[in-house]
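As structure tokens, the structure follows; a few thoughts come after it.
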Amino acid sequence: MHQFELDYHAKTWSKPYQVVVQSVRTSTELLYQHEFVITNLNTVRSAELFTTYHQLGVVENSIKEAKLVFLWIKLITIASWLIRSACCLVRSQYCLSF
């Protein structure tokens with residue numbers, strides 16, 4: 001694993017930011033995989049920075065999964081309500097026909 005830091009100032013930015021690059025190559029791969037983080041945290045070491053961002057990604061994915069669970073619960077609730085309503089409607093029409 002290799003890490004490299006540099007300051008970068010784009011034309012549209014009001015100040016320069018720190019760019020941290022982490023290059024990782026596993027023993028089974030031929031090429032490096034690069035990760036880039038642009039930050040204004042100058043006091044954090046680059047290894048801690050990537051650990052923090054990876055943990056943040058895990059939390060964000062957990063939130064997305066929780067939202068999907070709540071959506072499924074809502075859809076199941078609505079579907080069961082519709083089914084019950086349809087059954088009641090069919091029963092009432094069945095009862096009225098006799």
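Just so you know, these numbers use all the heavy atoms, side chains as well, and skip hydrogens, waters and symmetry mates.
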Heavy-atom closest contact (Gln18 atom, Asp7 atom, distance): CA-OD1, 3.8 Å
Smallest separation among heavy atoms of His9 and Ser14, with atom names: NE2-C, 3.9 Å
Same apolar cluster: Leu75 and Phe70, side chain cutoff 4.5 Å: no
Tyr32: ring-ring contact (aromatic ring centres under 6.0 Å, His included) partners, not counting sequence neighbours: His2
Sequence-distant partners of Thr77, side chain to side chain donor-acceptor pair (under 3.5 Å), two or more places apart: none
Ser23: partners by side chain to side chain donor-acceptor pair (under 3.5 Å), with sequence neighbours left out: His34
Spacing of Gln22 atom CD and Thr51 atom OG1 [to the nearest 0.5 Å]: 8.0 Å
Nearest heavy-atom neighbours spanning Arg25 and Leu31: CG-O, 3.6 Å
Heavy-atom neighbours of Gln33 CD exceed 12 at 6.0 Å: no
Joint cluster assignment, Ile38 & Phe36, ILVMFWY side-chain distance < 4.5 Å: yes
Side chain to side chain donor-acceptor pair (under 3.5 Å): pairs with one or both residues in residues 55-75, sequence neighbours excluded: none
Listed partners of Glu5 passing salt bridge (Lys or Arg N to Asp or Glu O under 4.0 Å), at least two apart: none
Counterpart residues, side-chain contact (heavy atoms from CB on, under 4.5 Å), relative to Ala10 (two or more places apart): Tyr8, Thr12, Trp13
Joint cluster assignment, Val21 & Tyr17, ILVMFWY side-chain distance < 4.5 Å: yes
CD1-CD1 distance between Ile78 and Ile73, expressed to the nearest 0.5 angstrom: 12.0 Å
